[in-house]
Amino acid sequence: MNPGDPLSQLKDIHLPETGGFWPPAPGWWFLAALAMALVAVLVWLALRRRRRQRWLTLAKQELARLEQSATPAPHWFVQLNVLLKQAARERYPEAHPEALSGKDWTEFLLAHAPNDRIAQRPVVEALVASAWRPTVNLTPAQALAFVHLWLGGQKC
């Protein structure tokens, strides 16, 4: 090492410090914003679906309560009819099913039943007629099976 030589006093090349993880590059900001927007949309859709299906949950809870207190008494069948009317009003509001009665109500229930409408006709007619008859020609099990099917539970 020569003290008079200015080149001998130079230090070795220094590489720049590596950039840390913060702040992220613009692409990562865009990706994070896109992910947050996607999560927000999914949460919104889930809440909307839950709100729209709330009536079905409540109807199934009421049906479970009616199942526990099943009796062949006419007032029990009236409660089952009321449950069906409330569910029909929520599912098909444009048809105004709450105003239907008798044959029209029977036809409405059969028209919106999932499958095998011909076999269900006697059950539905007896269920609808039970509201004003002193004796019922239907067992609670038959009525409950139809209501489960109509609500979408497929329990028969």
Side-chain angles (χ1 to χ4, degrees), residues 17-156:
E17 292 287 325
T18 59
F21 70 92
W22 199 261
W28 288 110
W29 284 108
F30 176 73
L31 188 62
L34 187 65
M36 287 175 39
L38 181 64
V39 166
V41 166
L42 289 176
V43 166
W44 178 73
L45 288 173
L47 290 174
R48 183 174 161 209
R49 177 181 166 86
R50 184 176 177 190
R51 194 173 338 121
R52 285 187 175 184
Q53 295 296 323
R54 178 136 174 84
W55 69 268
L56 185 58
T57 304
L58 293 174
K60 287 184 178 183
Q61 287 173 354
E62 177 65 17
L63 183 59
R65 188 190 66 75
L66 285 172
E67 254 182 307
Q68 297 298 320
S69 66
T71 61
H75 73 281
W76 183 82
F77 287 97
V78 168
Q79 290 176 339
L80 211 54
N81 262 313
V82 167
L83 172 65
L84 281 172
K85 286 219 180 193
Q86 289 170 345
R89 186 180 59 221
E90 290 294 329
R91 187 177 275 172
Y92 307 105
E94 68 284 345
H96 302 289
E98 67 274 7
L100 300 175
S101 64
K103 186 170 172 48
D104 294 334
W105 176 233
T106 302
E107 293 303 321
F108 178 85
L109 287 173
L110 288 171
H112 294 94
N115 55 11
D116 201 14
R117 294 180 182 114
I118 294 171
Q120 295 170 354
R121 180 171 286 283
V123 173
V124 175
E125 287 174 347
L127 178 63
V128 171
S130 67
W132 61 83
R133 290 195 178 154
T135 59
V136 181
N137 301 334
L138 185 65
T139 66
Q142 291 171 314
L144 287 169
F146 172 74
V147 175
H148 272 288
L149 183 67
W150 198 86
L151 287 176
Q154 304 295 329
K155 185 178 181 182
C156 282

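Predicted model only: the values in this text are computed from it and were never measured. One is the number of the first residue; the rest follow in order along the sequence.
Figure legend: Arg49 and Trp44 shown without cation-pi pairing, the cationic atom not lying both under 6.0 angstrom from the six-membered ring centre and within 45 degrees of its axis.
Heavy atoms only, all atoms of each residue included: Leu138 and Val123 are closest at CD2-O, 3.7 Å. When every heavy atom of Pro97 is checked against every heavy atom of Arg89, the shortest pair comes out as CG-N, 3.6 Å. Trp105 and Lys85 get closest at one heavy-atom pair: CZ2-CG, 3.5 Å. When every heavy atom of Asn81 is checked against every heavy atom of Val128, the shortest pair comes out as ND2-CA, 3.9 Å. Between Phe77 and Thr71, the shortest heavy-atom distance links the atoms CE1-O, 4.0 Å. Across every non-hydrogen atom of Ala95 and Phe108, the tightest pair is CB-CE1, 3.9 Å.
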Subject >> Phe146/Leu109 under side-chain contact (heavy atoms from CB on, under 4.5 Å): CA gap, chis, key distance, verdict >> reply: CA-CA 10 Å; Phe146 172 74; Leu109 287 173; 4.2 Å; yes
**OP:** Just do the side-chain contact (heavy atoms from CB on, under 4.5 Å) check on Glu107 and Arg121 with the steps written out, would you?
**Re:** CA-CA 9 Å; Glu107 293 303 321; Arg121 180 171 286 283; 2.9 Å; yes
Subject >> Val147 vs Leu66, side-chain contact (heavy atoms from CB on, under 4.5 Å): CA-CA, chis, key distance, verdict >> reply: CA-CA 11 Å; Val147 175; Leu66 285 172; over 6 Å; no
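Counting only heavy atoms from C-beta outward, the side chains of Pro72 and Val136 never approach each other to under 4.5 Å. Considering only heavy atoms from C-beta on, Leu100 stays 4.5 Å or farther from Thr106 through its side chain.
Of the inter-residue distances, the one linking Leu42 atom CG with Leu47 atom CG reads 11.0 Å to the nearest 0.5 angstrom. Taking CG from Leu63 and NE2 from His148, the interatomic distance works out to 4.0 Å, rounded to the nearest 0.5 Å. Taking CG of Leu127 as the reference point, atom CD of Gln142 lies at 10.5 Å (rounded to 0.5 Å). Put simply, CD on Glu125 and CG on Asn137 are 11.5 Å apart, with the number rounded to the nearest 0.5 Å. How far CG of Leu83 is from CD of Glu62: 6.0 Å, rounded to the nearest 0.5 Å. Rounded to the nearest 0.5 Å, atoms CD (Gln79) and CG (Leu84) are 12.5 Å apart.
Residue Glu94 places its CD atom among more than 12 non-hydrogen atoms of other residues, nucleotides or ligands, all under 6.0 Å distant. A 6.0 Å sphere centred on OH of Tyr92 holds more than 12 heavy atoms belonging to other residues, nucleotides or ligands. A 6.0 Å sphere centred on CH2 of Trp28 holds no more than 12 heavy atoms belonging to other residues, nucleotides or ligands. Within 6.0 Å of the CZ atom in Arg65, the count of heavy atoms belonging to other residues, nucleotides or ligands exceeds 12.
Looking at Gln86, Lys60, Arg91 one by one, the single match for side-chain contact (heavy atoms from CB on, under 4.5 Å) with Trp55 turns out to be Arg91.
For Glu90 and Arg52, the salt-bridge test fails: no basic side-chain N is under 4.0 Å from an acidic carboxylate O.
Side-chain atoms of Trp29 come within 3.5 Å of backbone N or O of Pro24 as a donor-acceptor pair.
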